[in-house]
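These notes concern the structure reproduced below.
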Amino acid sequence: MQAGAIIVDANNFLNNEYNGRIGCLDWPFLNPWTIHQLSKKSTEMVDGIIEIITKVNESINMPMISSLPRLQVAFSPSDRGYEALQSRTLMMNEIMQKLKDDNMYAIGVYGMGGVGKSTLVEEVAWQAEHAGCFNAVIVATVTRSPEEGKIQDQLADGLGLQFKKKSPRGRARELWDKIKKEEKVLVIMDDIWKKIDLKEVGVPFGDQHRGCKLLLTSRNLNILKREMGTQINFRIEILCEKEGWNLFEKATGDVVKEYSIKTTALEVAGACMGLPLLLVTVGKALQNEENLYAWKDALLQLTKYDHDGLPSVANEAVELSYRYLASDLHKSLFLLIGSHGQNYVHIEDLFVYGWGLGLFEHVEALADARNKLDKLICDLKASSLLLEGTSHSIRMHDVIREEASKLASRVQPFFRMQRFSNLKEWPNMDQLRNFKHIFLPWCYMPPLPEILECPELDILILCSEEVYLEIPTHFFSRINHLKVLDLGGMMCTHSLPQSLGLEILSLEGSDIQELPEEIGQLHHLRRVNLNSCTRLRIIPKDVISSLRNLEELLMGNCYFQWEVEGSEQCNNASLGELRQLNHLKSLHLQIQDISNMARDLLIFGNLEKYKILIGDGWKWCWGYAGYSEILRTLKLNMRTTTITYLDVGIKMLLNGVEDLSLAEVKGARNVLPAFHREGFPKLKHLLIQNSVEILYIIESTKWVLHCHSFLCLESLVILNLINLEKIYRGQFISHIFTRLQVIKVKGCEKLQNLFSFSMAANLPQLLEIEISDCKLMTSIIQQRNDEFEDHDQINLPKIHSIKLECLPKLISFSCEKVEMPSLETMVLSSINTVKLWDDILIPSCIQSLTHLTINKCGGLKYLFSSWVVILLQKLRYLKINECQLMEDIFVLDQELVNLEEVKFPSLETLEVSHMDNLESIYHDDLTSNPFPKLIKIEISSCEKLLSIFPSYVLNNLCTLETLVVSDCAALEVVFETQGLYNVSMELRQLQVLDIKHCAVENIVSYSEMLENIVSHSEMVEEHPTFVFPKLKTLRFWDLGELESFYPRKHTLDCPSLTTLDVYHCHQLEMLESISQNSQVYPYRFQPLFYSFQVIPRINELSLCSNDVANICYDVENCDDELYAVKSLCLQCFHDELDRFPTSFLQRFTNLENLTVASSDFTEIFSSENVGLGPIMNLKTLSLDELSELESLCKGECEMNPILQNIETLKFSSCLRLANVVPSSSSQQFQNLDELWVGKCSELVNIIPSAAARSFIKLRKFIIYDCEMVEEIVAREDDSGESEIAFKKLEHLELINLSTLTSFCKDNFIFKFPLLQTLFVMECPRMETFSHGILTAPKLRNVIVAEEDDDGWRWEGELNTTIRKMFDEVNFL
């Protein structure tokens, strides 16, 4: 009791100190160790109290890590220079309260630029992350020109997610799934200028994920409220005079207290008009300024503004700060950053542009210039003109950026456009002639002029985003003084400029196939960037060796085949030419065949930065060039060599490597010391895979390991070492793995233990363990030996995640006691154990668990005993899957008396699936609800389950929001009411009720035992009411036995219902016709709803033929709300007389999405039904399981206006469909954006050539599982037109088309100017893509396996790639 009281007191003390930091600007932050030291000096305390305090401090300051590696979303307030102002603190607290409100999922913050929106949400992010309100907090800055991929990258960084998919859809799916796994996640999107489709980005929210909260900022309230759908918005105002002065005083320092300065200082602060950005910016510019004239000059500049008002004041303030920068060099860099016009600017771009501008005039080497740039950036941050960014980018506030851009245009006139801008036409030559700098970074631009007349040009950045623009032959003929040239994304077919002063050349992502021999004459070149030049095939001999001043050579993701040095027919470059580059310091390189390696490449020893991939099987992973956190990466596949023959150059690379990957190692039984006797002292990440000769990672039985061995190692990944016996063999050295954070092991068939006892006892930083497919592993930690008998237990203080899969021999986690106080996430899959907690993990390891997944543990008959349940107080997520013998989730211990303790007090999500013997979710012996905070429950494929909720818990489901049940064949009822006198139910938080493919007769049961009680007792309610005030989605699918919601007369009240989806529930009447309400129905067949009046907010609706008939019968009594729905599904029209109800459909004037499913229509639209009523603005049309459908419309449908606005058209399982789009109606689809066709077995082709030409806006085209399709585009006219251009097509999928031979059999000229993503999977007869001329300039690969990182092919050109794939399939 005394220890518990001390812990409570310590927590209260520390929490008060933390709260004091918010209210006090000068509060010093003391870490736990400092507090501990002070307490030792000031107070004599017994050893037991010191130990308790230390543990408390460590637990409070333990980082809550749920995924590794996760980027910190916000720097601490002290690091950001955050000043806690009362108005901002009050607003922040309000926002934090709203974020805790279960009904709130989208919150907006708006206000003018510079008022502090970004600063406020950064503080909210920091508070949310450190207060434990959310499992994850992720942030993305959107900017004026949003890019979906960059938004995804920022959000993924915050989640520790590394995308495996390349397509936008795949990345969005990965991000979506990752966010869905987080029970509570805060997504912050800053600086929104227009609507962002969060579904396309991959962010689930609202009904899609109730635990996901959105915090959005914008200058425009309408963007937040109307476009993004925020529920509440906070307007952030300028600061009051007092707060403004306090902030200004902090920025300027004590100088403002001087009598001679203070009066003017107050006026200067007032002239900043309460804008925090101006107050800090101006304040720091005048920091410690003692000259009164400087203050008066500042006041003059701030008060001298035009009638544009406050924004002009902000601009004057920024210009003032610019004038007070320390040097002209700082000013030039500031203007350069501002001229980019973007929120984020890559440091590498700044470096290249800065070099061309002469910012590093007196610096000799590029590496020294980079150091200089870093120092300048730090200075600008200190002046509050830059914000914190990442390791490879910087940020500038939008107000400062806009003014900096204006200043740059006045001080340094040049021609520039922002990235991804659209240059419609080139300026006239008189304008261009005077420019010294032209910046067009990755822009959309028209064809280049024949000659660029800019004789004084120093920098030319000319990068094409859309298509490979051809550079005219004489384009550079009048340019003589270039220092920097960037031709990214261009078609470089002619000679490059012969500017003898050229120092930096970039052809990144260009179409170049042969490097011009003239480049060898550019002796001043210091940097050559050929990254992602995937078509480069020829580099003339001696060109590289001629570039003697080259310091950086970047050839990553470039599949150039190096010649063998000394070859008689050596016309191409060899690696031996690198020996002549004595100044080379940075190198990106891929060497496909290690046998092409030149010997004695001593130049490798001079490299300061490198990323070199040797051998096949490696994929190039991008960190921004020159500014990746890992400076030295080596990936080495030794399939055709042994360690004995490794060149001295490779051994030099091993000396300083930070990220090392090894594959197919030969000639070595260990990694250390075989590969490096010095012990890899700088190595941070090690991956070794597919090496049958490796027996140990470290072996110290014959060698004495260096004292710095693996000193910095943070991650160790071991894959498919089938003969690996131990990770460490020999006397363990305690420091070896002291920094190890992550270990992953897969496919090591002979490995019996992961760690020895001594290893496990020395892993203070370990965060994550992941082991799979190790057939002989019996325990994770080996039993200790006698020499370690002094150790009583193992402590892994920081480990937060354990994942164990497919370990059939696993008996225990450890034979000894193991403490894991921070373990939060555990996944156990295919573990053959009978009693989980005694055998695998001891109870002391699970007390902090928040997420638990149990999968395919076939020996378990139950999951928890009651005493284990009592320990799982923090468990929030529980998933159980395919445990075939499990009959109960938990069982009661006989000695346990207090059943009230047997519950999961924090559990929010329960998922149970494929449990053949599970008969109940709740234990019959319990009298209270074991899941008092349950928010979501999903049950599927539980064959013996009879009900979901027993009667005794019905009044305790007050937090339940989502209930999903599917494929439970024996399920009779969802809510059991046996023994209740009052069966009325009110689930106030329920939002989703989704029941599919079950045998339920009623959703709520009725007890026959109550029949007699009803007639004799007033206590029993005769007509119950079921109230779901927040229910938005009600979905009943394929419930053939369902007769009614409740088998007696009742009232179902769902006032918030927006989605009603009833499908294949033949005995359930969804609606009752108003004119037939006098008819007496048996109570057990009571309709679900009597009219749409009781569900006035319906937005998504499914109707069968009977429902449509009832509605049409009572057309005069139908509510307007019915026809206001935006998404409608028509289904189950099986009568031979049924025709598609076009006239009924035209009543839905707001309809945007229409699905027609499981019906026998032969056509959908016909010309005779046109003009019968108002025309709906239909955007999406989906046709699914229409077995008799022959055509979308027959006859002459040219004038059918319904088709004109369709943007997405989908066909699935239309078995008799003869054509997708008839030629007669193809012109109606000029707004079509997406076309999906799948499982249509009679289709021979997809679209005629005339339709292909009319799809001018088609962006996504997907065809799958169509077994008879031979070609996609078929000639169907004799117009003589030979060209077909899919001008907007970006994404094409051809999947499981067993008879497809080509995209088109005719010799059309096909153009795909924007195609970047192409899937070709399971098309074994496809010999070529196109028989005619084919251009797809942006395509870089063909994806052949979506789930595989290596699942893509590229042979430099599309037709060649398809032919190569065909040959390989037929060869096999």
Side-chain angles (χ1 to χ4, degrees), residues 332-333 336-337 339-340 345-374 376 392 412 414 416 419 435-442 452 454 456-463 471 475-476 479-490 492 495-510 512 515-516 518-533 536 539 543-544 546-556 558 581 583-588 608-609 624-627:
S332 297
L333 179 61
L336 178 60
I337 296 171
S339 67
H340 273 67
V345 181
H346 285 296
I347 295 176
E348 188 66 11
D349 289 341
L350 288 180
F351 168 73
V352 171
Y353 302 163
W355 185 271
L357 290 169
L359 297 187
F360 316 112
E361 195 172 30
H362 301 295
V363 177
E364 293 296 328
L366 295 181
D368 295 334
R370 292 184 188 278
N371 294 332
K372 182 69 174 177
L373 178 61
D374 289 339
L376 293 172
H392 51 72
Q412 293 180 336
F414 50 77
R416 140 156 226 115
R419 186 179 290 233
F435 287 125
K436 298 186 69 174
H437 314 129
I438 295 178
F439 294 91
L440 296 174
W442 302 104
L452 186 61
C454 299
E456 303 299 321
L457 199 63
D458 289 331
I459 305 175
L460 178 58
I461 308 299
L462 200 62
C463 301
I471 300 176
F475 184 74
F476 296 108
I479 300 176
N480 301 311
H481 303 292
L482 272 180
K483 289 180 63 179
V484 174
L485 176 62
D486 189 346
L487 298 176
M490 289 289 179
C492 304
S495 297
L496 295 174
Q498 301 305 303
S499 177
L500 298 180
L502 192 64
E503 296 181 334
I504 292 180
L505 173 64
S506 175
L507 303 176
E508 181 174 3
S510 72
I512 191 167
L515 202 65
E518 293 81 1
I519 286 181
Q521 301 174 20
L522 304 177
H523 300 301
H524 291 278
L525 272 177
R526 294 170 174 262
R527 186 177 195 266
V528 173
N529 184 357
L530 300 175
N531 282 335
S532 295
C533 291
L536 182 62
I539 300 178
V543 167
I544 291 179
S546 300
L547 306 177
R548 301 299 177 89
N549 289 308
L550 201 63
E551 298 177 43
E552 298 181 2
L553 176 60
L554 309 179
M555 297 181 65
C558 181
L581 307 182
H583 299 283
L584 192 66
K585 298 297 180 185
S586 181
L587 179 63
H588 285 182
E608 297 175 359
K609 299 178 184 178
Y624 206 80
Y627 275 86

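We use all heavy atoms of the structure for the numbers below, so side chains are in, but hydrogens, waters and symmetry mates are not.
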The criterion is side chain to side chain contact (heavy atoms under 4.5 Å, CB included); which residues satisfy it with [X], sequence neighbours excluded?
X: Glu456; result: Lys436
X: Asn549; result: His583
X: Val345; result: Ile337, His340, Leu350, Ile394
X: Ser506; result: Asp486, Glu508, Asn529

Residues in side chain to side chain donor-acceptor pair (under 3.5 Å) with Glu552, at least two apart?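 For Glu552 the side chain to side chain donor-acceptor pair (under 3.5 Å) partners, ignoring immediate neighbours, are Arg370, Arg527.
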
Could you check whether any side-chain heavy atom of [X] comes within less than 4.5 Å of a side-chain heavy atom of [Y], counting everything from C-beta outward?
X: Val484; Y: Asp458; result: no
X: His437; Y: Leu336; result: no
X: Leu525; Y: Ile519; result: yes
X: Leu460; Y: Leu452; result: yes
X: Leu366; Y: Phe351; result: yes
X: Leu487; Y: Ser510; result: no

Taking all non-hydrogen atoms of both residues, which atom of [X] and which atom of [Y] are closest, and how far apart?
X: Gly356; Y: Ile459; result: C-CD1, 3.4 Å
X: Ile471; Y: Cys492; result: CD1-SG, 4.1 Å
X: Leu581; Y: Leu547; result: CD2-O, 3.1 Å
X: Glu608; Y: Ala367; result: OE1-CB, 3.8 Å
X: Arg419; Y: Trp442; result: NH1-CD1, 3.7 Å
X: Cys454; Y: Ile438; result: SG-CD1, 4.0 Å

With sequence neighbours left out, write down each residue that passes salt bridge (Lys or Arg N to Asp or Glu O under 4.0 Å) with Glu551, or none if nothing qualifies.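 Partners of Glu551 under the salt bridge (Lys or Arg N to Asp or Glu O under 4.0 Å) test: Arg526.
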
Nearest 0.5 Å please: distance from the CG atom of Leu462 over to the CZ atom of Phe439.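 If I round to the nearest 0.5 Å, the distance is 12.5 Å.
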
Distance col, row His392:NE2 vs Asp349:CG, nearest 0.5 angstrom, shows 11.5 Å

